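Everything below concerns the one structure shown next.
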2 protein chains.
Amino acid sequence: MKIFYSSDDTFETNFNELLERGKMDIEGVTGIVSGLLKEIQTEGNSALKSQIARFDRWEPKEDSELLVSTEDMAKAYDNIDPTLREALHLAYERIESYHQKLMPETWMDKEANGTILGQKVTAVDRAGLYIPGGKAAYPSSLLMNVIPAQVAGVEEIVVCTPAPDNELNELLLAACHLCKVTKVFRVGGASAIGAMAYGTETIPKVDVITGPGNIFVATAKKLVYGEVNIDMIAGPSEIGILADETAREDYLAIDLLSQAEHDEMASSILITTDSELANRVSDKVEAYLGTLSREEIARKSIEERGAIIVTKDMDEAIDLMNEIAPEHLEVVTRDPMSLLDSIKHAGAIFLGENTPEPIGDYIAGPNHTLPTGGTAKFYSPLSVENFLKKSSIIMMSKQGMDEIGEQCALIANTEGLTAHEESVRIRLRNN
Amino acid sequence: MKIFYSSDDTFETNFNELLERGKMDIEGVTGIVSGLLKEIQTEGNSALKSQIARFDRWEPKEDSELLVSTEDMAKAYDNIDPTLREALHLAYERIESYHQKLMPETWMDKEANGTILGQKVTAVDRAGLYIPGGKAAYPSSLLMNVIPAQVAGVEEIVVCTPAPDNELNELLLAACHLCKVTKVFRVGGASAIGAMAYGTETIPKVDVITGPGNIFVATAKKLVYGEVNIDMIAGPSEIGILADETAREDYLAIDLLSQAEHDEMASSILITTDSELANRVSDKVEAYLGTLSREEIARKSIEERGAIIVTKDMDEAIDLMNEIAPEHLEVVTRDPMSLLDSIKHAGAIFLGENTPEPIGDYIAGPNHTLPTGGTAKFYSPLSVENFLKKSSIIMMSKQGMDEIGEQCALIANTEGLTAHEESVRIRLRNN
């Protein structure tokens, strides 16, 4: 792996390149994606079916073929290995339990004068979850999107996933049954986003669309944003690791590779205070590469987008990592918890050598849908919050109006809004 | 005002038109807005200054002229009427106190096996607030955007507001001083959004942009979404009122007009079970119109976008209102609190005859930046949440890994990700 030293003259240039990782050319595909969306908006299912023929190489004859049968899901669930089934159930329970802790509650407070202020929390009516894939679909993506929607209390959950050559991944079907999802549609890419944003004769219009995807999906989500809400615009996956001299090179190397094997565009970045550790990790990465089933992808990712940075101290390491704002951040130092306060920007934080990032991908409990490309500076992990919205509550008492009405009327008057002013004054006159 | 009866054959058509209120032709202005943004992204201040010359009819000669002087703000504050100053301070305190109640907290829970899960809450580094206006700028908009950012703990707050003919509203300047805002820039419209999204030599790049604006601002916010986060895409203001036979026609009429006076495009919709009340409100609206300082705007809004709907019962009224999902919802019935549970979609809910909507615009405490055009189905009021983001926290104990590591490795293996699997197994072997 490339090793950079923060004391080098050329460091800033190299580091700025890392900050630009994950930039996607959304503009470059906006034309085609916008065309696909418009077709679906105006022609519904017929556009959807011809887009499926074009991209997934099979053409549904009837609208009903878009829907995956619940019998197929039940059968897939029955067919999977019992140990795996139990593992998926354990994952479901742990993810559910974590997300339950994130649920905000409706509250109301009464002031001494009887005025009530509060906030009401309500689930959205319909959520649309996009699960990428076809044969390579990940059941974990389904769990991570479905569970927060279910915990939030969403009544109607719609899933779209592409079925290239009309084939679906059996594990994904099994996971759908496990999650008690019934509305699963065989449609992918921008077409799926358009169908859920505008609705078709078969696919319901939803209020919120979440889930990962390629640049066409990301662009479609951006284009329909405002028509529906979306979780975030996500790019390639990435890991940052902060390590001191106490870290083990074999752990760090395999953790870096677990990110690199996702995608040639994935970034794996280690920042350490120990230059010897840097060298040992680099060697270990090379040694492991040959053992991986996805060696080619991982190698390209490590070579083109991997980096080890050696800093003068941990403060500098943390500062650089905050600038990177990685999707996943491992902290492998003598006392990782003591660094938590200074970590400002990261999608998920994995503390200590016993916490490899993949534990969070599947089973620890927190969501694996996380902000990438530095957007952890402003986006949060996927959560129940993405499937909820709030309404403010105000109930003024007569006394409450008497106490603050005059000041309200004055500000309204100053802003030149006399109907605003009068709507307050008419109450004051009658109190 | 137009009165519709839900029992009429033509009702559905008329109602569907109300559902389409507030649709904006974002696509129609995307070309021009995108051009302006690109200029700012590539040319910075020099583009900004020429855009100000083009739209606001003055050209800053020096970059430093973009920044409003803090002395001017202090002077404006000193010059306003003491009663108004006190009213604004009261508003600040009440808004601050309400938003403090919305602050989520970092939490961590330890499992019996020593594993720690949690969520860290952090403010974004920089927030950009857009305040529309020039001479008609509203100090209340400043308070409603600044206070949640300050309560959230944002370190650097940037404000942009247009200065047509290089003039600024004195009240807005006073409010800036009151809010202790120091970085206020004289730039408006899409130019301001571009400057805050990409940064220029003078205006810092921010992480989140919030605040209302016209279609150019809304479109610019949509285009930069992903580069930064935004609060929402907001359209014209609107009110929905649910009323039964206990409501007073004078209160309802002036409340409808307080929305209508904002904007010709504003919508004011009353849904009631009492057809006599409907007629009385309509008459009263007509009677009040002539008394308003903004009569012309209010009349056009009421005539073209106002409606009274008479339903057979309150359940139907509530169902229709949930479909409308209004920005502001007044509930003026015998026992308004008893209807709160059935209200699903509204930006802010005003309960009882003593709670005119304008009390929420200025002083009650909740935010007045609210989702419009039916987007209350998925957006929330502006809040501290818009200026915060979360990071998941995972710290596995050795025992915790022993308890769930095997299942994690199994799922990873099933998904074909062998580096993921090995990163877990290497820990299991060493435990």
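Keep in mind that what you see is a predicted model, and the values were worked out from it rather than measured. All chains are named by letter (A, B, ...) in the order of the sequence lines, taking the proteins before the strands, and each is independently numbered beginning at 1.
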Quick one: does any side-chain atom of A:S391 pair with a main-chain N or O of B:A346 as donor and acceptor, under 3.5 Å?
yes

Can you give me the closest heavy-atom contact between B:V424 and A:P358, atom names plus distance?
CG2-CB, 4.2 Å

Heavy-atom pair count under 4.5 Å with chain B, highest-scoring of A:L171, A:N229, A:T122
A:N229

Residue A:P139 versus chain B: region with a heavy atom under 4.5 Å:
both

Rounded to the nearest 0.5 angstrom, the CD1-CG distance for B:I116 and A:L351 is 8.0 Å

Option in B:A218, B:G226, B:G360 with maximal non-hydrogen atom pairs under 4.5 Å from chain A
B:G226

Taking all non-hydrogen atoms of both residues, which atom of B:G405 and which atom of A:I359 are closest, and how far apart?
CA-CD1, 4.4 Å

Heavy atoms of A:A87 and B:L410 approach each other most closely as CB-CD2, 4.3 Å

Which atoms of B:E170 come close to chain A, meaning under 4.5 Å heavy atom to heavy atom: side chain ones, backbone ones, both, or neither?
neither

Please, which pairs that meet salt bridge (charged side-chain N to carboxylate O under 4.0 Å, His left out) have at least one residue in residues 390-409 of chain A, sequence neighbours excluded?
A:E385-A:K390, A:E406-A:R425

A:D109 portion near chain B, given a 4.5 angstrom heavy-atom threshold
side chain

Of the backbone (N, CA, C, O) and the side chain (C-beta and beyond), which part of B:L90 lies under 4.5 Å from a heavy atom of chain A, both, or neither?
side chain

Would a distance-only check, ignoring hydrogens and angles, find a side-chain to backbone donor-acceptor pair under 3.5 Å from A:K222 to B:L223?
yes

Between A:M24, A:E421, A:H262, A:Q259, who has the most heavy-atom pairs with chain B when the cutoff is under 4.5 Å?
A:H262

Can you say whether the rings of B:Y379 and A:Y225 are parallel (under 30°), tilted (30 to 60°) or perpendicular (over 60°)?
perpendicular

Closest heavy-atom contact between A:S423 and B:D255?
CB-OD1, 3.2 Å

Using the rule given for salt bridge (charged side-chain N to carboxylate O under 4.0 Å, His left out), can you reason through B:K344 versus A:E155, listing the C-alpha separation, both sets of side-chain angles and the distance that settles it, and then say yes or no?
CA-CA 13 Å; B:K344 290 164 69 182; A:E155 277 186 24; 5.1 Å; no

Side-chain donor/acceptor of B:T418 to backbone N/O of A:S293, under 3.5 Å
yes

For B:T83, which atoms come within 4.5 Å of any heavy atom of chain A: side chain, backbone, both, or neither?
both

Using non-hydrogen atoms and a 4.5 Å limit, figure out which bit of A:I426 sits close to chain B: side chain, backbone, both or neither.
both

Between B:M401 and A:N354 the two heavy atoms that sit nearest each other are CG-O, 3.2 Å

Mind checking what makes side-chain contact (heavy atoms from CB on, under 4.5 Å) contact with A:T106, not counting sequence neighbours?
A:K120, A:V121

Tell me, side chain or backbone of A:Y288 under 4.5 Å from chain B's heavy atoms, or both, or neither?
side chain

Distance-only, no hydrogens or angles: does the B:S258 side chain make a donor-acceptor pair with backbone N or O of A:A419 under 3.5 Å?
no

Highest number of heavy-atom pairs under 4.5 Å with chain B among A:T414, A:L340, A:L257, A:I394 belongs to A:I394

Would you please test A:K377 and B:R126 for side-chain contact (heavy atoms from CB on, under 4.5 Å) and show each step?
CA-CA 10 Å; A:K377 289 187 176 177; B:R126 278 176 217 90; over 6 Å; no

Identify the two heavy atoms, one from A:L370 and one from B:S392, that lie closest to each other, and give their separation to 0.1 Å.
CD2-OG, 4.5 Å

Show your reasoning for whether side-chain contact (heavy atoms from CB on, under 4.5 Å) applies to A:W107 and B:L102.
CA-CA 10 Å; A:W107 60 269; B:L102 301 179; 3.7 Å; yes

A:E422 and B:E261, any side-chain heavy atoms less than 4.5 Å apart:
no

I'd like to verify something: which residue of B:K23, B:E357, B:K221, B:E353 has the highest number of heavy-atom pairs under 4.5 Å with chain A?
B:E353

Does A:A91 offer a backbone N or O that forms a donor-acceptor pair with the side chain of B:Q407 under 3.5 Å?
no

Side-chain contact test, heavy atoms from C-beta onward, threshold under 4.5 Å: evaluate it for A:P366 versus B:L117 and give yes or no.
yes

Please determine whether side-chain contact (heavy atoms from CB on, under 4.5 Å) holds for the pair B:K389 and A:H345, giving the CA-CA distance in whole Å, both sets of side-chain angles, and the decisive distance to 0.1 Å.
CA-CA 9 Å; B:K389 51 7 179 246; A:H345 309 304; 2.8 Å; yes

For B:Q399, is the CD atom crowded, meaning more than 12 foreign heavy atoms sit under 6.0 Å from it?
yes

If you count heavy-atom pairs within less than 4.5 Å of chain B, which of A:A409, A:S140, A:G352 leads?
A:S140

Among A:D361, A:L256, A:L388, A:N430, which has the most heavy-atom pairs under 4.5 Å with chain B?
A:N430

Taking the side chain as every heavy atom from C-beta outward, state whether B:S380 and A:Q119 have any atom pair closer than 4.5 Å.
no

State whether a side-chain donor-acceptor pair under 3.5 Å links A:Y362 with B:E415.
yes

Who among B:L88, B:I233, B:V228, B:D250 has the most heavy-atom pairs with chain A under 4.5 Å?
B:V228

When the 4.5 angstrom heavy-atom criterion is applied to A:E295 and chain B, the contacting part is neither

Any idea which of A:E86, A:M337, A:M232 has the most non-hydrogen atom pairs under 4.5 angstrom with chain B?
A:M337

Can you say whether B:V208 sits under 4.5 Å from chain A via the side chain, the backbone, both, or neither, judging by heavy atoms?
side chain

Relative to chain A, which segment of B:I230 carries a heavy atom at a distance below 4.5 Å: side chain, backbone, both, or neither?
both

